[in-house]
Every structure is written in C-alpha cells, then in structure tokens.
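Structure record follows, encoded as structure tokens.
These numbers come from a predicted model, not from an experiment. Protein chains get the first letters and strands the later ones, always in sequence-line order, with residue 1 at the start of each.
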2 protein chains.
Amino acid sequence: MQTLSTEDYLKAIYHASQSASGTVATTSIANKIGAKSSSVTDMFKKLSDQKLVKYQKYQGVTLTSEGVKTALRIVRKHRLWESFLVSHLNFNWDEVHQVAEQLEHIQSEKLTNELERFLDYPTHDPHGDPIPNRALFMKSYNKILLTELPLNKEGICVGVKDNSSDFLRYLDRRQIGIGTPILVLHREDFDQSLHIQAGNSTLMITQKTAENIYIKP
Amino acid sequence: MQTLSTEDYLKAIYHASQSASGTVATTSIANKIGAKSSSVTDMFKKLSDQKLVKYQKYQGVTLTSEGVKTALRIVRKHRLWESFLVSHLNFNWDEVHQVAEQLEHIQSEKLTNELERFLDYPTHDPHGDPIPNRALFMKSYNKILLTELPLNKEGICVGVKDNSSDFLRYLDRRQIGIGTPILVLHREDFDQSLHIQAGNSTLMITQKTAENIYIKP
DNA sequence: TATTAAATTTAGATGAGTCTAAATATTTTA
DNA sequence: TAAAATATTTAGACTCATCTAAATTTAATA
C-alpha cells in the first residue's frame, strides 16, 4: 500500500512526464510538490525500491508500467471526485481541486467504481480532463490551443491548461466554460491578442489567456 | 489543524465517554485504537496541550467542550458519509464503516454541509445512530434494548449496539434491519432467548443478539 | 576544454507518532 | 492494610518524511 506521500509523488511524476519528454528531473518534482530536492531524491529511491519508477542517479526518473497504473488510479479518483463535487454538491470548477486532493487518497475500489456508476461513467472532469475508466484507459479528443485556432473557424472550448482558481474565475467572469463555442474574429499582430466571439458575446483576450484554453475545432 | 491521528484519538475518547462515566482510561483507548498504552499517554499529553482534553496523570482524560466539538465534527462526517454510501453507492450497512473511517478526515466544511444537503438533512445513519447537524446538535429518540421490550408490545428496530460486519450480516440474514417492527412472543427463562416476530417472520434469537438491538417502543 | 553555474546527492538532524522495557502509581484482594 | 495484580507513565529507541548544509556530478559558457 502506498502512503499519502508516495501517491502525491507518483501523481506529480505522472503529470510531469505528460508535458515533458518522459524522464522527470528531481527539481521539477521538488517544485510541484513543494519540497526540497534532497527529499525528492530520497523518495525517488524509495519509489525505485518499490519498482514504481526507474531511477538513475543524476538522471531523473521514469514511471514503470506499474507506476503509471498507480498514478492513473489516483488521477481517476481525483477526476471522479471533482465531477461529483461539481455535479451534485454545488462546487464551482475553481473550488474542487483542493478537496479532490484529499479525496483521491481514499482507498476503496468499490467506492471508486460505484461513484463512477453513480455519475453515469463520465469521460471528462469539470476542467475537461479525461477520466481514466476502470481499465485505466482514457481517450482525449484531439484538441488545440486557442492560439492555434484559425480565424473564423468555430471551435468549442473543451478544456483549460491552467487550472488555477484565478484563471478559472477569470473565465467565469467572461462566461467562457467547457462547451462554450468560440470563434476568432481578429488576431492582433502587435501583441497576439484576440478578438473572439464566445457564446453570444464578443470580447478581447490576451495571448496568455488564449494559450491556456483548449479548443476542439 | 488536527492530524489524522489526533482525530482518531478524539473520536475514540468521545465514544468511550459516551458509554462510560465521562472520564476515560488510558487502556480503554489503547484497546480501541490498537496502540500501546504508552503511546496513548503521549497523545493524552498532546491533546491536553491543545486544550482538547483535561488530563491528570493516572486519572485518565475527559474531553473539554472544544474537544467534544472536534469529536462531533468527525462523527458528523463519518455518519453523513455512511449514509451516502448506503443511499447512493450501493453499499450495505456492514460495508460502510471502514471507508467512512477514511472519509471522516476530509477537511472541507463546504463538502460536509453540501453532502448533508444532498442527502436531505438525514437525522440518522444506516445503523440508526444520530447525525449531528451543522450546529453539532443531534437528538436520539429514547430507545431501549430488545431485552427490555415487554412481551407482546410492538416496537421498531431503530439501531444496533454492535456495529461489526458479522453481526450486521447476521441481522441481514434474519431480515432484521432499521425500521423492522418487532414483537416479543415469548421469553425463555432458561437462557433468556427470545421468540420474536420480526416483520412477517417469527424466529428465535439469543440473549446476546437481543442485547445488541435497539428498539423504539 | 577549463571554469563556472546549476542540479543532484549525501550526511546528519528534526519532529511526529509509535514501540519496548523498566519504573511508578493505583487498585484489588487476601 | 499489606502484598499482589493491574494500570499508567517514563525513558530511550525506531521509522517515516522531511529539512539544512556540504559534497559531488552534470551542464553551460567563456
């Protein structure tokens, strides 16, 4: 059985290895977890002993297939709980992360699977991230960043890259959410800001914002 | 903020002080928690420092009012989660305890209160135990043990004293559950066993069983 | 490529919660 | 009520996850 801490590390390694090149450096995990790199080194050794990561001194880690499975089981729980909080407990999408960080550690396969059934087998969480099914398989539609959406081609917002409360509330205020149809009306060459139509309203957003919105064309 | 461990101790002290005379001995907690009494002594000191219990060497502990509140907040969460597991996630009443032991430590007032609303403000958990409301108030109906129910006076099963899986499944097999109407047809003087009518069927139960069933007359 | 900078690891310490074994206090009982 | 039994506490040690500070390796750069 994993401790709470090893689970947090595995999840962090998993997420880091998604965005980067597979192998994950000590410092990057230290930053994510909020720990010193010496602590991370210790944990890398421990996870390596448990055959959850492949670790070579000074070379970072990669998850073993068992490590990936363990990480995905946590991701699955995290995203199911987030879905539950939003769909049944009146949480807003910017409020769920912290609570789901706790709930994801609850150990009960029955609980996870029944929660999934109760939610009617959701495929995506409130931020548009795919939820691994019981077999830990998830499919994500091919999505692009809003910065890449061609002019006057309608797309639908299907996710966000930045999950911070600040960003999510910013989107709320602009009435942009998962499922909102979006059209790029004009791209400003000067600063790459965009004039877009989001739902019924037109508005201007910065490049930084557009870089954090995923679109299904 | 409490650690997981202090919460477990507070809950154990709370339950022990319910059944007994208020002050709680080191050994009784050691047994409940599954720890050595030396560890319990250490924890008593810690809780005393935090003003959650009143502790005098060799004299056991009593909860302070702050300690009671903290314990009740945990009991509240525990029983709400148990209710949720049974009412929405297809758990049987004998399966919920272990999972609720984990869920009761999740820290989010909003979560607890929304869960309560979602369940429509239940007053009792699947074992018939009262659920503290938001103000930590709970009212339990005046109940007696089945051993005390007079002959031919109908009562309703409103709870169980023994929450063990074994006992609960035993009751399942005999189709006795919360809400089941019960009538004592005959009390055997020899061994205090009872012939009862439970719902539509008549059956025999031992004194030991009867001592673990709560009845509202 | 030699030197500097950055990343990583090692060594040793800390705090929380636990344990065992010994010491002390309380309770029971003869 | 004194001796024996039981309960409780103290002292010291262990594990886990963490830290700081120093040492080492790798990467960057002049």
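Judged as a ring pair (Phe, Tyr, Trp, His ring centres under 6.0 Å), and not counting sequence neighbours, B/His186 has no contacts. Residues passing the side chain to side chain contact (heavy atoms under 4.5 Å, CB included) test with B/Lys69, sequence neighbours excluded: B/Glu66, B/Arg73, B/Leu136. Applying the ring pair (Phe, Tyr, Trp, His ring centres under 6.0 Å) test to A/His97 and every residue at least two apart in sequence or in another chain returns A/His78. For A/Tyr55, the ring pair (Phe, Tyr, Trp, His ring centres under 6.0 Å) partners are A/Phe44, not counting sequence neighbours.
For C/dT10, the OP1/OP2 oxygens have a side-chain nitrogen or oxygen of A/Lys45 closer than 4.0 Å. The side chain of B/Ser39 places no N or O atom within less than 4.0 Å of a non-bridging phosphate oxygen (OP1 or OP2) of C/dT18. Between A/Lys46 and D/dC16, a side-chain N or O to OP1/OP2 separation shorter than 4.0 Å is absent. Regarding contacts with the backbone of D/dT9, a side-chain N or O of B/Thr26 is found under 4.0 angstrom from either OP1 or OP2. Contact annotation: B/Ser38 does not reach the phosphate of C/dT18 (side-chain N/O to OP1 or OP2, under 4.0 Å). Note on B/Tyr9: a side-chain N or O is less than 4.0 Å away from OP1 or OP2 of C/dT18.
Nucleotide D/dA17 holds its P atom 12 Å from the CD1 atom of A/Ile33, rounded to whole Å. A straight line from NZ of B/Lys36 to C1' of C/dA21 spans 12 Å, rounded to a whole angstrom. As rounded to whole Å, 15 Å separates atom P of D/dT25 from atom CD of A/Gln56. One can place CD of A/Glu7 at 16 Å from P of D/dC16, the figure rounded to the nearest angstrom. Note: CD1 (A/Ile29) to P (C/dA7) measures 15 Å, nearest angstrom. Atom CE in B/Met43 sits about 17 Å away from atom P in C/dG15, given to the nearest Å. Rounded to a whole Å, the CG atom of A/Asp42 is 10 Å from the P atom of D/dC19.
The nearest heavy atom of DNA chain D to B/Gly60 and to A/Val40 marks one nucleotide each, and the one closer to the 5' end goes with B/Gly60.
Side chains of B/Ser164 and B/Asp162: a donor on one and an acceptor on the other come within 3.5 Å. Between the side chains of B/Thr206 and B/Thr209, at least one donor-acceptor pair of N or O atoms lies under 3.5 Å.
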Polar atom pairs between nucleotides 23-27 of chain C and protein, under 3.5 Å, N or O only, would you list them?
residue: C/dA25; atom: O4'; partner: B/Tyr58; partner atom: OH; Å: 3.4

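When heavy atoms are screened at a 4.0 angstrom cut-off, B/Phe44 is found touching no nucleic acid atom at all.
Residue pairs satisfying the salt bridge (charged side-chain N to carboxylate O under 4.0 Å, His left out) criterion with at least one member in residues 121-137 of chain B, sequence neighbours excluded, are listed as follows: B/Arg79-B/Asp125.
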